[in-house]
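These notes are about the structure you will find just below.
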Amino acid sequence: MVQKTKKMTNIVLFGPPGAGKGTQAEVLKVKYQLVHISTGDVFRYNIKNQTQLGALAKSYMDKGHLVPDGVTIKMLNAEVDKNPDANGFVFDGFPRTAAQAEALALLMEEKSSQINAMVALEVDDQVLVGRLLERGKTSGRADDADEAIIRERVAEYYRKTDILKDFYKAQDKYFGVNGVGNIQEITARLSEVFDRL
Ligand code: ADP
């Protein structure tokens with residue numbers, strides 16, 4: 001049997017809730033032929049289909065809290081394994097904790113690969129809350145409808161997630177990008193980073 005040793009490009013698209021990760025990931029996956037994995041989307045798919053995982057995730061998501069690491073990591077590993085022929089991945093919403101970042105590094109190592117970069121969308125908190133409230137008018141997402149839940153998500157981000165910048169900075173893999181502007185402008189800024197990887 002021929003051993004697969006194809007080189008992948010794997011990017012963590014990072015930023016607080018409402019930074020625009022999902023929107024940009026949809027554009028970038030096409031442009032760079034990468035598989036986009038959004039943990040939020042996978043959880044919402046499970047909620048919609050009333051799976052056990054969905055019921056568990058919902059109990060945390062509705063409060064603006066993170067879903068426990070064990071559950072999230074297992075799910076992410078399964079999503080990666082569904083795409084054995086990928087050129088690489090854009091991870092959107094993962095990792096969100098130090099334990100998740102460690103697990104992702106391990107998973108990539110198992111695939112004889114690595115995370116090439118964390119590309120972070122930088123947006124002020126006030127702008128974030130405004131964007132999420134606006135999105136809540138049409139998204140149907142319970143966690144976007146209530147300002148208190150939105151603020152809790154942003155607080156969770158600063159409690160558990162923001163420190164991951166240091167994890168990737170220590171490996172010289174952190175790239176910050178201004179996340180304020182129109183969609184095309186921001187895609188262009190992100191592409192400048194992607195093109196250098
Ligand atoms: P946003 O980034 O706009 O808050 P997401 O769709 O990425 O939205 O995530 C929605 C919710 O799903 C989060 O608030 C959290 O409860 C849960 N979630 C998503 N990704 C993770 C993760 N990596 N770890 C734990 N919980 C997660």
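We count ligands from 1, going down the list as the structure has it; atoms in each ligand are counted the same way. Just so it is clear, the structure is predicted and the values come from calculations on it, not from any experiment.
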The single option from L121, D92, L164 that satisfies side chain to side chain contact (heavy atoms under 4.5 Å, CB included) with F14 is L164
Any N or O on V67 sitting closer than 3.5 Å to an N or O of ligand 1? yes
- Carboxylate-amine/guanidinium proximity below 4.0 Å for R153 and D144: yes
Quick note on ligand 1: atoms under 4.0 Å from a heavy atom of G93 include exactly 20 (N), 21 (C), 22 (C), 23 (N)
Got an N/O contact under 3.5 Å between D92 and ligand 1?
no
Note: ligand 1 atoms sitting under 4.0 Å from heavy atoms of K21 are 2 (O)
Separation between CZ (R135) and OG1 (T23), nearest 0.5 Å, reads 7.5 Å
Atoms of ligand 1 under 4.0 Å from any heavy atom of T72, numbered from 1 in the order shown, are 22 (C), 23 (N), 24 (N), 25 (C)
Closest to atom 4 (O) of ligand 1 among protein heavy atoms sits R153 NH2, 2.9 Å
Heteroatom proximity flag, D143 to ligand 1, N/O under 3.5 Å
no
> Are the side chain of N182 and the backbone N or O of E185 linked by a donor-acceptor pair below 3.5 Å?
Replying inline: yes
Going by the 4.0 angstrom heavy-atom rule, the piece of R135 near ligand 1 is side chain
Do ligand 1 and R96 have nitrogen or oxygen atoms that lie under 3.5 Å from each other? yes
In ligand 1, the atoms that come under 4.0 Å of a heavy atom of F94 are 23 (N)
Salt bridge check: are K111 and D81 linked by an N-O gap of less than 4.0 Å?
yes
Salt-bridge present (K82, E79; N to O < 4.0 Å) = yes
Of M61, R141, K160, the one whose closest heavy atom lies nearest atom 17 (C) of ligand 1 is M61
For T39, the atoms of ligand 1 under 4.0 Å from one of its heavy atoms are 19 (C), 20 (N), 21 (C), 23 (N)
With sequence neighbours left out, the residues meeting ring-ring contact (aromatic ring centres under 6.0 Å, His included) with Y168 are none
Is there a polar contact, in the sense of an N or O pair closer than 3.5 Å, between F43 and ligand 1? no
Under 4.0 Å from one or more heavy atoms of G18, ligand 1 contributes atoms 3 (O)
Exercise. Should the pair F91 and F89 be assigned to parallel (<30°), tilted (30 to 60°) or perpendicular (>60°) ring geometry?
Worked result: parallel
Under 4.0 Å from one or more heavy atoms of H65, ligand 1 contributes atoms 15 (C), 16 (O)
_Short side-chain to backbone donor-acceptor contact, K7 and G88, under 3.5 Å_ = no
Between the side chains of E26 and H36, does any donor sit under 3.5 Å from an acceptor? yes
Quiz item: Would you call E192 and R189 a salt bridge, using N to O less than 4.0 angstrom?
Solution: no
Taking only non-hydrogen atoms of Q100 and a 4.0 Å limit, the atoms of ligand 1 in range are 22 (C), 23 (N), 24 (N), 25 (C)
Q.
Would R44 count as a polar contact of ligand 1, with the cut-off being nitrogen or oxygen pairs under 3.5 Å?
A. yes
